[in-house]
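Note that ligands are numbered from 1 as they come in the structure, with each ligand's atoms numbered from 1 the same way. Numbers for residues simply follow the sequence, beginning at 1.
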Amino acid sequence: MLTESVSSKVLNGVSMIDQLNNTIKPDVIMKCSLDGIIREVSDTIKLVYGYNARELIGKLSYDFIHSDDIGEFLIPFAKGDIDIATFTYRVIDASGSYIWSESTISVLKDSANNKPIEVLSITRDITTRKKTMDQLMEAKNLSVIGKLAAGLAHEIRNPLTTVKGFLQLISTEKVLKKEYVALMLSEMERIEQITQDLMLLSKPSNYKKQYLNIIKIVEDVKLLLETEAYKNQVDIHLKTFSNSINVHCNEKKIKQVFINLIKNGIESMKEGGTLTINISCVDSLNRVDIAIIDQGCGIQESELEQIGQPFFTTKQTGNGLGLMMSSKIIQEHYGLIKVDSEVGVGTTFHVELPCGH
Ligand SMILES: Nc1ncnc2c1ncn2[C@@H]1O[C@H](COP(=O)(O)OP(=O)(O)OP(=O)(O)O)[C@@H](O)[C@H]1O
Ligand SMILES: [Mg+2]
């Protein structure tokens with residue numbers, strides 16, 4: 001039975017493990033004395049840098065680092081400033097080529113007197129990652145996809161770094177503090193939210209639409225956000241020329257748009273004020289205009305072009321995805337979003353949608 005399942009994974013005479021070994025380079029684990037002498041190193045060094053582990057014992061680790069990168073690497077350690085840190089630098093391999101590498105290095109301490117005794121490092125080859133990133137950065141006109149990828153990496157890296165930091169702290173302190181767990185959970189939720197938003201964007205949108213009363217939808221959203229508005233000393237007023245306007249829409253998606261826009265309006269009014277939702281008919285067309293008018297900080301002219309681009313945000317906890325999602329949804333409803341803004345006076349977002357029936 002076992003033989004059967006193992007053999008079924010062999011493709012054209014090459015096992016899956018062999019295939020992976022050829023493409024994924026393992027991490028190299030190394031222990032050095034405080035002055036950089038290699039004491040122990042994993043055999044994986046052969047696969048990554050071509051050296052035999054045994055030959056390296058007793059050698060000076062710094063001799064394998066590119067001279068331009070060594071300063072950044074050594075100074076903080078020499079000062080004793082660092083317990084755990086990650087460095088990017090070039091390592092010379094057995095053939096004499098430099099390989100971009102990334103190491104997470106931690107200082108091991110004597111448990112009796114807390115004095116540093118050894119340095120432990122985990123190192124990996126990041127050549128491919130670095131090349132791709134460099135190409136991305138060099139490209140003069142980053143495509144939207146490029147921007148999205150770069151932004152996404154940045155947005156996800158920050159919470160990940162925090163989680164990693166806490167995990168490292170827990171592993172050294174050997175105590176699991178509740179506050180750490182709560183923080184890690186909130187960071188994980190941030191990552192989850194970003195990935196969920198992006199998955200929604202990438203999915204082909206074939207959700208169901210039906211004719212629904214847009215006034216009722218807006219009223220529902222108003223109710224939903226009233227507590228948040230109250231907390232921010234914002235009054236929400238709804239003005240409408242009719243009690244019933246039918247729009248061919250997906251209720252959940254359209255609600256998502258108004259939640260985004262009204263939340264942005266509330267968030268722009270740091271000192272409170274009035275947020276008016278004005279529903280009117282667009283002249284001579286079968287279209288309805290839902291205007292969300294705030295008395296907030298307004299948007300600088302230089303920022304007007306950037307709003308709606310992925311990850312553009314001026315907020316500390318914002319993801320910069322709200323407007324991008326909203327305009328995608330409105331496009332899918334054959335409508336459009338327009339914005340007028342004056343710094344210090346306020347902003348109006350118009351959502352125009354076909355209506356009738
Ligand atoms: N009503 C508004 N008044 C002033 N600035 C606004 C308003 N709406 C949007 N902005 C600006 O546009 C940026 C992008 O808005 P968007 O809704 O896309 O992202 P966000 O609100 O920052 O984050 P989130 O993804 O959580 O919505 C905001 O950070 C803000 O600078
Ligand atoms: Mg927003």
Q: Would you check if the side chain of Asp93 reaches a backbone N or O of Ser95 as a donor-acceptor pair within less than 3.5 Å?
A: yes
Q) Is the backbone of Leu336 close enough, under 3.5 Å, to the side chain of Glu352 for a donor and an acceptor to pair up by distance? A) no
Q: Just need the protein heavy atom nearest to atom 26 (O) of ligand 1, so name the residue and atom and give the distance.
A: Asn319 N, 3.5 Å
Q | Heavy-atom nearest option to atom 30 (C) of ligand 1, drawn from Thr314, Asn260, Ile299, Leu275 | A | Thr314
Q) Charged N to carboxylate O below 4.0 Å: is that the case for Glu267 and Lys315? A) yes
Q) Ignoring hydrogens and geometry, is there a side-chain-to-backbone donor-acceptor pair from Asp125 to Val48 under 3.5 Å? A) no
(Q) Once you restrict to heavy atoms under 4.0 Å, what part of Leu261 touches ligand 1? Side chain, backbone, both or neither. (A) neither
Q.
Quick one about Thr123 and Tyr49 (side-chain donor to acceptor, distance below 3.5 Å, no hydrogens or angles considered), yes or no?
A. no
Q | Donor-acceptor under 3.5 Å (Asp110 side chain, Ala112 main chain) | A | yes
**Q.** Metal check, the Mg ion (ligand 2) vs Thr313 N/O/S, cut-off below 2.8 Å
**A.** no
Q: For Asn52, look at atom CG and say whether over 12 heavy atoms of other residues, nucleotides or ligands are found less than 6.0 Å away.
A: yes
Q | Contact check: Gly318 vs ligand 1, nitrogen or oxygen atoms, below 3.5 angstrom | A | no
Q. Under 3.5 Å, N or O to N or O, is Asp294 touching ligand 1 that way?
A. yes
Q: Just let me know how Leu323 lines up against ligand 1, side chain, backbone, both or neither, with a heavy-atom cut-off below 4.0 Å.
A: both
Q. Among the heavy atoms of Gly320, does any lie under 4.0 Å from an atom of ligand 1?
A. yes
Q: Starting from atom 14 (C) of ligand 1, find the nearest protein heavy-atom neighbour and note its residue, name and distance.
A: Phe312 O, 3.3 Å
(Q) Looking at Ser341 and Ile299, would you say the former's side chain and the latter's main chain have a donor-acceptor pair under 3.5 Å? (A) yes
Q) Can you list the atoms of ligand 1 that are under 4.0 Å from a heavy atom of Thr313? A) 20 (P), 22 (O), 29 (O)
Q.
When you measure from the side chain of His66 to the backbone of Asp68, do you find a donor-acceptor pair of N or O atoms at a distance under 3.5 Å?
A. yes
(Q) Within ligand 1, which atoms have a heavy atom of Ile307 less than 4.0 Å away? (A) 11 (C), 12 (O)
Q. Between the side chain of Asn250 and the main-chain N/O of His333, is any donor-acceptor distance below 3.5 Å?
A. no
**Q.** Distance-only donor-acceptor check, side chains Asn278 and Thr276, under 3.5 Å
**A.** no
Q.
Could you tell me, atom by atom, which parts of ligand 1 come under 4.0 Å of a heavy atom of Gly298?
A. 4 (C)
Q: Around atom 9 (C) of ligand 1, find the nearest protein heavy atom and jot down its residue, atom name and distance.
A: Asn264 ND2, 3.6 Å
Q. Has Ser326 got any heavy atom lying under 4.0 angstrom from an atom of ligand 1?
A. no
Q. Which protein non-hydrogen atom lies closest to atom 3 (N) of ligand 1, naming both residue and atom, and how far is it?
A. Ser268 CB, 3.3 Å
Q) So is there a nitrogen or oxygen of Leu321 less than 3.5 Å from a nitrogen or oxygen in ligand 1? A) yes
Q: Note the single closest protein heavy atom to atom 21 (O) of ligand 1, along with its residue, its atom name and the distance in Å.
A: Lys315 NZ, 2.7 Å
